[in-house]
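Before any comments, here is the structure.
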Protein chains: 2
Amino acid sequence: MNIGEVSKKSGLPAKTIRYYESIGLLPKPHRSEGGYRVYTSNDLMTLRFVQRARRLGFSVGDVENLLALWRDQHRSSSEVKKLAIQQIGSIDQRIRALENMRGVLIDLTERCHGDERPDCPILDDLADDETEDRFADETKT
Amino acid sequence: MNIGEVSKKSGLPAKTIRYYESIGLLPKPHRSEGGYRVYTSNDLMTLRFVQRARRLGFSVGDVENLLALWRDQHRSSSEVKKLAIQQIGSIDQRIRALENMRGVLIDLTERCHGDERPDCPILDDLADDETEDRFADETKT
DNA sequence: CTTGACCTTCCAGTAACTGGAAGGTGTACA
DNA sequence: TGTACACCTTCCAGTTACTGGAAGGTCAAG
């Protein structure tokens, strides 16, 4: 299979596959006479694995670890689970941060009449000295 | 005020303030004899505004628009509200994407016993051909 | 007159791609 | 046999929003 085909079958853009190869996440595939990358169905499985792990929000570095564990017949499932649980933690943090933003924005838009007039609590609050803490980052608690 | 002071008072790192200046988000401040940036309390207000808008997740480009509206006495509040509502929409999207990831990960970790043994549904599902759709990106709906 | 905190510019690196240019390959069709 | 066209190659640059670090200038105190 050429890169275009595995790209379609894995859901990873060809550019991205080459990029993953260049950073060492993926092993270098065989090359045809003409210099084209040639992939086996095994390679395709790896690409699928990578694509799914990325979709779950794992960083490229994490995917590297997951791939290593996947290939290691002697891994313990606890190592894998640990990575997954860390990932859930970081996702939870991001969700909380976004929900904070969302809350403030909802409040601001509800108080803004949104018509021709220039006065606007959104801008006022962003500028206002007294409003300090409503914009604070509460994700550290 | 020198940059260190406005940095403390605005919550923006000095590096970031210089960076914002370099990309044209902030106007060039006056300079002292020795070449130090000198900020007025007006400049400080702008820095605070920027910092708060960024904390609400607005992109630097959005902040530029918000700043322009803030400075424009003839703006209509509807323009501001529109930006805020767009921002809520994009936050909602991101939250939904993260919640999808979270759901899949929770399910995977619940099914993984996490002990010494190597067998692990997390890796199996990432690799498995039959598992396709559970990893699909449902944020487009 | 030196120490130390603070400031300056500039270059490079981060994450994870993405776009585009310039050019080679492979094949189907006239 | 030619040529059109899709597909492939490498390489360089750009994206977002900073951040780190080096090399060196400024300023106030002691």
Side-chain angles (χ1 to χ4, degrees), chain A residues 1-26 28-39 43-44 47 49-67 86-87 90-91 93-94 97-98 101 137, chain B residues 1-26 28-39 43-44 47 49-67 86-87 90-91 93-94 97-98 101 137:
Chain A
M1 283 178 280
N2 286 347
I3 200 168
E5 196 176 343
V6 285
S7 167
K8 252 175 240 157
K9 288 187 178 164
S10 69
L12 287 170
K15 277 253 167 194
T16 302
I17 297 174
R18 288 192 204 100
Y19 166 72
Y20 285 162
E21 184 190 328
S22 82
I23 59 167
L25 177 63
L26 297 174
K28 303 194 176 202
H30 292 281
R31 295 287 182 130
S32 72
E33 290 266 304
Y36 284 19
R37 284 170 181 80
V38 178
Y39 295 90
D43 293 333
L44 178 55
L47 291 175
F49 184 100
V50 168
Q51 190 260 6
R52 287 169 184 169
R54 290 287 298 130
R55 270 212 180 148
L56 288 180
F58 286 102
S59 72
V60 169
D62 287 337
V63 176
E64 213 169 333
N65 293 330
L66 286 169
L67 267 180
Q86 273 175 16
Q87 180 60 10
S90 108
I91 286 175
Q93 249 185 31
R94 284 192 275 162
L98 288 170
M101 292 179 196
D137 192 350
Chain B
M1 281 178 283
N2 286 346
I3 201 169
E5 196 177 343
V6 285
S7 167
K8 251 175 240 159
K9 288 188 178 164
S10 68
L12 287 169
K15 276 253 168 193
T16 303
I17 297 172
R18 289 193 203 100
Y19 167 72
Y20 285 161
E21 183 189 328
S22 82
I23 60 168
L25 176 64
L26 297 174
K28 306 194 176 202
H30 293 281
R31 296 287 183 131
S32 70
E33 290 267 302
Y36 285 18
R37 285 169 181 82
V38 178
Y39 296 91
D43 292 333
L44 177 55
L47 291 175
F49 184 100
V50 168
Q51 190 258 7
R52 287 167 184 170
R54 291 287 298 131
R55 272 215 179 143
L56 289 180
F58 286 102
S59 72
V60 169
D62 287 337
V63 175
E64 213 169 333
N65 293 331
L66 286 169
L67 267 180
Q86 273 174 16
Q87 179 62 11
S90 109
I91 286 175
Q93 250 185 31
R94 284 192 275 162
L98 288 170
M101 292 179 197
D137 193 350

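Remember, it's a predicted structure, so these values are computed and weren't measured experimentally. Lettering follows sequence order; numbering is per chain, from 1.
Taking atom CG on B/N2 and atom C1' on C/dT8, their separation rounds to 12 Å, with Å as the unit. Between A/E5 atom CD and D/dC8 atom C1' there is a gap of 14 Å when expressed in whole angstrom units. Separating the CD1 atom of B/I17 from the P atom of D/dT19 is a distance of 12 Å, rounded to the nearest angstrom. Rounded to whole Å, the distance from CD on A/Q51 to P on C/dA16 is 15 Å. Atom C1' of nucleotide C/dT18 and atom CG of A/L12 are separated by 14 Å, given to the nearest angstrom. Whole-Å rounding puts the B/L47 CG to D/dC18 C1' distance at 16 Å. The CG-P distance, from A/L25 to C/dA16, rounds to 10 Å in whole Å. Rounded to a whole Å, the CD atom of B/E33 is 15 Å from the C1' atom of C/dC7.
Nearest to the side chain of A/S32, among C/dA16, D/dA17, C/dG26, sits C/dG26. When distances run from any side-chain atom of B/T16 to the nucleotides C/dA16, D/dT19, D/dG21, the shortest one goes to D/dT19. The side chain of A/K15 has C/dG19 as its nearest neighbour among D/dT10, D/dG21, C/dG19. Closest contact between the side chain of A/R18 and the listed nucleotides D/dT9, D/dC18, C/dT18 involves D/dT9. Comparing D/dT9, D/dT19, D/dA17 by their closest approach to the side chain of A/R31 singles out D/dT9.
Side-chain to base pairing of A/Y36 with D/dC7: one donor and one acceptor N or O lie within less than 3.5 Å of each other.
Mapping B/K8 and B/E21 onto DNA chain C by nearest heavy atom places B/K8 closer to the 5' end of the strand.
Residue B/I3 is in sugar-phosphate contact alone, with no base atom involved, counting any heavy-atom pair closer than 4.0 Å across all strands shown. At a threshold of 4.0 angstrom between heavy atoms, the contacts of A/R37 are confined to the sugar-phosphate backbone, with no base atom among them. Residue B/R54 is classed as a sugar-phosphate contact, given heavy-atom separations below 4.0 Å to backbone atoms only.
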Handout entry: Derivation and outcome, side-chain contact (heavy atoms from CB on, under 4.5 Å), residues B/L25 and B/L67
Key = CA-CA 9 Å; B/L25 176 64; B/L67 267 180; 4.1 Å; yes
Exercise for the section: Given side-chain contact (heavy atoms from CB on, under 4.5 Å), test A/V60 with A/Y20 step by step and report yes or no. Expected result: CA-CA 9 Å; A/V60 169; A/Y20 285 162; 4.1 Å; yes
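Proximity of B/I17 to B/E21: side-chain heavy atoms (C-beta onward) are nowhere separated by under 4.5 Å. Contact annotation: the side chain of A/R37 approaches that of A/R18 to within less than 4.5 Å [non-hydrogen atoms, C-beta and beyond].
Contact between the side-chain N/O atoms of B/Y19 and the OP1/OP2 oxygens of D/dT16 is not found at any separation under 4.0 Å.
Scanning both residues, B/S10 and B/L47, for their nearest heavy atoms gives CB-CB, 3.7 Å.
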